[in-house]
Amino acid sequence: LAILGLTGVVLRLLVVVIRGMAAPAPICSLLGQPALPLLSAEGDINIGAVFPLHRNALFKVHSFTSRPEKTPCISINQREFQFAQTLIFALEEINNSSDLLPGLSLGYQVYDSCSYAPLAIHSALALMNSPGPEDSLGNPSSCSRSPAVLGIVGESSSTSTIGISSLVGPFNIPVISHFATCACLSNKKKFPSFFRTIPSDFYQSRALAKLVKHFGWNWVGVVNSNNDYGNNGMATFVEAAWHEGVCVEYQESIHRTDPREKLLDVVKVIRRATARVVVLFMGLGDIIPLMNEMALEGDPGLQWVGSESWITARLLAENKAYGFLRGAVGFAIRNARLDGLEGFLDKVHPSQAPDNTLLREFWETVFQCSFEGGSSTLCTGTESLAKLKNQYTDMSELRIPNKVYTAVYAIAHALHNLLTDLKNDTDSGKRPIRQNINNISCESFHSLCLSLRYLKEVRFRVKTGEEIWFDDNGDVVACYDLVNWQQEEDGTLQFHVVGLYDSSMPPEQRITFNKGKLAPASVCSASCPTGTRKAVQKGKPVCCYDCVPYSNGCYRCDLEYWSNEKRDLCVLKPVEFLSYEEMMGIVLVFFSLLGSGVTTLVAVVFSIHKDTPIVRANNSELSFLLLFFLTLCFLCSLTFIGRPSEWSCSLRHTAFGITFVLCMSCVLGKTIVVLMAFRATLPASNIMKWFGPPQQRLSVLAFTLIQVLICVLWLTVSPPFPYKNMKTYKEKVILECDVGSAIGFWAVLGYIGLLALLCFVLAFLARKLPDNFNEAKFITFSMLIFCAVWITFIPAYVSSPGKFTVAVEIFAILASSFGLLFCIFAPKCFIILLRPEQNTKKHMMGKTSNDTRY
Ligand SMILES: *[C@@H]1O[C@H](CO)[C@@H](O)[C@H](O)[C@H]1NC(C)=O
Ligand SMILES: *[C@@H]1O[C@H](CO)[C@@H](O)[C@H](O)[C@H]1NC(C)=O
Ligand SMILES: *[C@@H]1O[C@H](CO)[C@@H](O)[C@H](O)[C@H]1NC(C)=O
Ligand SMILES: *[C@@H]1O[C@H](CO)[C@@H](O)[C@H](O)[C@H]1NC(C)=O
């Protein structure tokens, strides 16, 4: 009991200790340096933004024993600074507007990523966690507050945007980029809260591929930035290019941080390649080092095709050293005018916020002076931004600033719709809302409803007249200007808009061209250098080949290919089969038609003289049947001519087998009748009772049925099929019918042979019968011919190659059919037409015969 009591006390103590350890509320404190916005203003509603306001971050090697210091950034980027100011301009405009978000003041927090993805992510973290109240040391003491911003505009590079979107996506904070074009960002599974006001590279790559194809440049090289933008852009372009039948000779990727040797290697590849068109999917930062190396060796005389990130960069066009870029073409984001922006940018001055280091840095960089104590007395020369000509004041290229402007408006419109709906709901009592809508603070409605849904549904018209909405991927309709760099008289390069791309149009009408000069053409069939030969790339357009050195020794073409006359290229082997167009085919068709024509003629003659003794005496019904089947025999040879297909292969052997058995069984019927008539001791009437017309028909049917069964078995078990024979000849492919089952084939032939043999034997027995006109003689003769033809056919069939196999088979069919026709019917026709005096009953019976027995 004591032990139990002790254990209880210990346990209780333990519980108290554990409770005591867990009891205090967790203190959330920021361990690192807080990231602070470079530009900010507090409003009722705040919007975040991340821009690479500096070109480079200076890394310090951390000791990992102390807190890492803040990464300093150098070299202010005036273009990005202009983007940031455009964002503020747009916010101010909305702030002033009485239609959009009336009564609400807007604030902003602009962070700098220093063109460095980790810093961009750091900024996004700061935007998500607005710092709480500061402790005695000036550090934020809690992180429990809701996000500081309702949406984030940015970033300019695809890589940083991927980082930011992956981070804030799970928290449903919308990210709207003005410049991240990577097609990979359209993946809504990975980036559920991502939107962009700039078109995806998906459209640009397709447009570029179409453009390259349009100019007939089906042989190009590709160089891309080795980052998310360049690698994805190149991949989508190469895919689109294959679809257009454009070949890519080389794909190179470089990054500005690569060693110089790498750059030189790429320059070498570009210069040595046969392709005279180079597609550059590169960011401005990567293209400049490459162009510097290119310029050192003089004008390479190439056609440049550019992606939107550099095709409107004045920095490149205005540099005399890059004169070789003349003629460059590419798709640029459409230009726009933003009224009032120029005046706004002009007013930016450090005195607006004397403590702001960014403004001061900007001012000092632009004017090359130091700014002290709120005055700029030390600056020399002009002090007005408007009089300077630089990237910041350039109002002729507001393509990207317009996208920043649009992004801000998209967020504002979405919020406006959200608040309108909330207000309507509150007014109609649908949803109780604690605060008055005009007194709504960020925290209060953030958790209520998320602006994401409203952003997905937003549809509005910006001042420039463009209608903006986002598709399911968060992308906008892609509209591009086709830009061409043309050299002016003073030697400078100017951008000329020579066409348009609009992804909302049907595929064929997406690109339209104004009048514009065409650049030099690059043809795919540039010959291989000496010592190399062309090797066609399998499954690629005909013009795509690799140049392979001969030193590899002789090269074997694939089975279906054959080397050309110069023996430097593998070409498709010609396919051979017996066609209707060639001489042999025509001759065989002629004889086949002739045969069926003659047979029909004989039938006509017989039917005209059907009442004469010779026709009657020879069992007219079987004769007419035989003539009809013979016609079919002649015609069935036609199925052997023409391109073998699955259908014709099956048809040709079965049709032949069945028609021939029909003929044979008719002949057999005739023979049996003759034999019975003379050998039987029965009276004629009895014979006709035992083997009259119904029985004759039945026997024909029964004999044929056996052949039909053989054919059905053959077709179901292993039917004939077209087959590309590449073994018999090296230089051509023979398209022939494989019989499928050899047993089936020989069974069909063998059955015909069997019937023929039976006929022959029976007719041979009957040949000596007393009669002036003994049909058995002729049947014997015809069977002799028939058997001779088919016996000679077998060795010829087995040994003749290619289409001659088929020709031999047709020849055998025609020869045996003609044999039957002439042997059986020619003598009768001769008597009917030329010796009508012999066509009498008396003559038929002859001297020895007393009676017509049949
Ligand atoms: C918006 O207007 C309010 C006053 O109405 C002002 O405090 C705030 O700074 C303005 N915001 C911007 C972005 O101009
Ligand atoms: C907003 O209004 C203020 C004062 O009314 C004005 O000075 C400012 O230029 C306006 N801003 C914009 C962007 O229209
Ligand atoms: C909200 O109310 C206004 C009028 O108060 C009306 O014009 C608007 O259509 C309503 N919107 C919705 C979504 O109900
Ligand atoms: C806004 O709400 C606060 C309390 O949350 C209140 O003190 C203030 O008077 C309200 N302002 C207006 C304009 O309704």
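Atoms within each ligand, like the ligands themselves, are counted from 1 in listed order.
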Take Glu80 and His54 through the side-chain hydrogen bond (donor to acceptor under 3.5 Å, both in side chains) test and state the conclusion after the steps. CA-CA 8 Å; Glu80 297 289 340; His54 287 87; over 6 Å; no

Stepwise, does the side-chain contact (heavy atoms from CB on, under 4.5 Å) test hold for Tyr111 with Leu39? CA-CA 7 Å; Tyr111 279 81; Leu39 298 166; over 6 Å; no

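Distance CZ/Arg314 to CG/Leu493: 10.5 Å, rounded to 0.5 Å.
Distance screen at 4.0 Å: atom 2 (O) of ligand 2 has a protein heavy-atom neighbour inside the cut-off.
Less than 4.0 angstrom separates some heavy atom of Glu93 from each of these atoms of ligand 2: 13 (C).
Looking only at heavy atoms of the protein, atom 4 (C) of ligand 2 is closest to Asn96 ND2, 4.5 Å.
Residues forming a side-chain contact (heavy atoms from CB on, under 4.5 Å) with Ile121 (at least two apart in sequence, or on another chain): Leu167.
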